[in-house]
Amino acid sequence: MNTKNKKKYYITTPIYYPSGAWHIGHCYTTVACDAIARFKRMQGYEVFYLTGTDEHGQKILKNATEKGITPIEFVNPLVENIKELWSVLDISYDGFIRTTDEFHKKAVQNIFTRLYEKGDIYKSVYKGKYCAPCETFLTETQLKDGNCPDCNREVNDAEEEAYFFRLSKYGEQIKKHLSETDFLVPKARANEMIKFIEAGLEDLAVTRTSFDWGVKVPFDEKHVIYVWIDALSNYITALGHFGKENGECSVMCEPRDKKTNNNTTLHSPLSTLQFWPADLHMMAKEITRFHAIIWPAILLSLELSLPKQIYSHGWILFDGGKMSKSVGNVVDPFILSERYSADALRYFLLSELSYGQDSNYSSEQFLTKVNSDLVNDLGNLTKRTLSMVKQYFKGKVKIGKETEHCKDFIEKVNALNGQVDEKIKDNDVAKAISTIFSLISHSNKYIDLTAPWALNKEGKFDLLSSVLFNLLEAIRVSSTLLKPFLTKTPSRIFEAIKIKEPTDFKKALHNPKGSYNVGTNEAVMLFPRLDIKKELEELASLAE
RNA sequence: CGCGGGGUAGAGCAAUGGUAGCUUGUCGGGCUCAUAACCCGAAGGUUGUAGGUUCGAGUCCUACCCCCGCAACCA
């Protein structure tokens, strides 16, 4: 395939930390990025979508030690598990990076050396509160009543030799960038970062000697490189930057089924280098600072371009609190996908979080949304339309006579593509998907306004055929635009309306034939209606 | 006086300074193509509190109350 004329689009999730079970909090960023990646592909972009896992650090070492296994033995099954989760949720990532990948570790060492030789990393002494039994340095704010939050014992002042990164050197430059551009959105987050910089940046301790589960400093092996440089740099090492031959990496996935719309053209390792700078780093708000201050500082020091944009989204809260295993409020995405389909979970996640804000999860909300939007609106619209086409015309309808209602309706159908694109440009997946669903809702209104059953009785078959054609057009266009968001349902719809599944938006704007022949088989039921009360009970019993 | 976000019908959310809307739930009506679905209508609000600016404030300003996050080397 000729890729020279294609515009590139590089999008990333954070790399996730495998310290416990994965929950729907982890799914949101990944699904949202997936929707944007798929959307851009259908717009004709050459997309590289990267996700992965951050596997070093003291917490993983500690968890592994407690289980009596090595860190890599601890981490491997969790990584397999998250890949399984992404497979269940149909995540079309092009690359999956692990910080334990050999090429990444080498690249991180090269980066560290480069920063050191440049003079932006220097050796000094880290001073802090230290809990000897836990072998952990703690900050003032981590302390609980002045004691260790884990073991509740007394902490002491302690010192440790460490390498420091000159974060302070880049503060002004980053502050300027944050205030003058839309580098970080929403704007409120940028303001927060600006204030943080104004409060004064300290240089950052970027190595540790208190544990060894990490990448070693190449010229001083008692130090391991800490999370900042190790994890953040995944965004460039995955592309091959700072690899052995500047281009050595191995994160690319095998080509997958074309139907999933995965990128099948990205298989020359050298070509990935040109994907930098990233078009979008997406993440939840708690790690904004690392991406909006520390990461740009590292890039500036490396003399690489900054990512074009960082989008920091809110959290999915559970009963108003942050989702966490210890509170026992973790919702298992495997169970939800299996019971209600991956599309149902994707739909909920994508439509639930309003731009930049936190949101809540409750099973009742989830089930209600599935019932009202997917079952009642989309599912029922498809079924009732198809069954009219089959009943009244044995499956064959064509464009014909129009009324005022029809004109209005067709205008709405034609406007949809542009409207959705606008929302995606703003990273607002929730508004994008709700825009599509507003056409679905309008379609149900259109049926009532035109009353096809009455047209049939009155023998106005030309108009009736046209109305049903318009409805199929609306279903076809909305399904096309829905493809990046729901990965299974649109295919089923295209199959039901006997149309070849579109792979890009341009070609999908008009039905060249001006007619449909959907056959006479029984109309498909896309989503079964849920008995919410019963489902809530079942989910509760599964949680035990 | 550390920094930032939020407080809007029962619930969940939306509103470039210009008629406070949407979804869900409740109540009433309609329709019969459809999965107890779909369509229409109604009820439901002192927009946290008190002031101020303005012809006009959910929106801007001031003070206060409540909730949440950050406060750097946990990720």
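Bear in mind the structure is a predicted one, so any value in this text is a computation, not a measurement. Here is the naming used below: chain letters follow the sequence lines, and residue numbers restart at 1 for every chain.
When heavy atoms are screened at a 4.0 angstrom cut-off, Val227(A) is found touching the sugar-phosphate backbone but no base atom. At a threshold of 4.0 angstrom between heavy atoms, the contacts of Tyr392(A) are confined to the sugar-phosphate backbone, with no base atom among them. Within the nucleic acid shown, Glu202(A) comes within 4.0 Å of at least one base atom, counting heavy atoms only. Nucleic acid contact for Asp203(A): base, since at least one base atom lies under 4.0 Å from a heavy atom of the residue. Residue-level contact check: Ile293(A) touches neither bases nor backbone, having no heavy atom under 4.0 Å from any strand. As judged by a 4.0 angstrom heavy-atom cut-off over every strand, Leu201(A) is placed among the base-contacting residues.
When distances run from any side-chain atom of Ser387(A) to the nucleotides rC33(B), rC38(B), rA75(B), the shortest one goes to rC33(B). Picking from rC38(B), rC33(B), rC74(B) the nucleotide with the shortest atom distance to the side chain of Asn444(A) gives rC38(B). Proximity note for Met525(A) (side chain, C-beta onward) versus rU35(B), rC33(B), rG12(B): the nearest is rU35(B).
For the pair Tyr446(A) and rC39(B), the criterion of a side-chain N or O lying under 4.0 Å from OP1 or OP2 is not met. An OP1 or OP2 oxygen of rA71(B) is reached within less than 4.0 angstrom by a side-chain nitrogen or oxygen of Arg289(A). Distances shown here put a side-chain N or O of Asn376(A) below 4.0 Å from the OP1 or OP2 atom of rC38(B). Lys383(A) has a side-chain polar atom (N or O) that falls below the 4.0 Å cut-off from OP1 or OP2 of rU35(B).
Using a 3.5 Å distance cut-off with no hydrogens or angles, the side chains of Tyr163(A) and Asp220(A) do pair a donor with an acceptor. There is no side-chain donor-acceptor pair under 3.5 Å between Tyr16(A) and Asp54(A).
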Distances under 3.5 Å between protein N/O atoms and the N/O atoms of nucleotides 23-25 of chain B, please, pair by pair.
none

Tabulate protein N/O versus nucleotide N/O from nucleotides 1-11 of chain B, keeping only pairs under 3.5 Å, one per line.
from, atom 1, to, atom 2, distance (Å)
rG4(B), O2', Glu192(A), OE1, 3.2

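Salt bridge Asp531(A)/Lys534(A): absent, no basic N to carboxylate O contact under 4.0 Å. For the pair Glu192(A) and Lys195(A), the salt-bridge criterion is not met [side-chain N within less than 4.0 Å of a carboxylate O].
Not one N or O on the side chain of Asp343(A) forms a donor-acceptor pair closer than 3.5 Å with the backbone of Leu486(A).
Test His177(A), His281(A), His291(A) against Phe183(A) for ring-ring contact (aromatic ring centres under 6.0 Å, His included) and you get one pass: His177(A). Of the residues Glu161(A), Glu160(A), Lys222(A), the one that meets the side-chain hydrogen bond (donor to acceptor under 3.5 Å, both in side chains) test with Thr209(A) is Glu160(A).
Residues Ile287(A) and Met388(A) each lie close to RNA chain B; by heavy-atom proximity, the contact nearer the 5' end of the strand is made by Met388(A). With the nearest nucleotide of RNA chain B identified for both Pro528(A) and Asp54(A), Pro528(A) has the one nearer the 5' end.
Within 6.0 Å of the NZ atom in Lys394(A), the count of heavy atoms belonging to other residues, nucleotides or ligands does not exceed 12. Under a cut-off of 6.0 angstrom, the local environment of NZ in Lys398(A) is sparse, with at most 12 non-hydrogen atoms contributed by other residues, nucleotides or ligands.
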Dot-bracket encoding of pairs in RNA chain B, which uses [ ] for pseudoknotted crossings and | for another strand, Watson-Crick or G-U under 3.5 angstrom
.((((((..((((....[..)))).(((((.......))))).....(((((..]....))))))))))).....
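Atom name P, nucleotides rU46(B) and rA20(B): the rounded distance is 14 Å, in whole Å. As rounded to the nearest Å, rC3(B) and rA42(B) have P atoms that lie 47 Å from one another.
Looking only at side-chain heavy atoms (C-beta outward), Tyr116(A) and Val217(A) stay at 4.5 Å or farther from each other.
Taken to the nearest 0.5 Å, the CG atom of Leu374(A) stands 7.5 Å off from the OG atom of Ser341(A).
The side-chain tip of Arg476(A) does not point at the ring of Phe494(A) from less than 6.0 angstrom away and within 45° of straight on.
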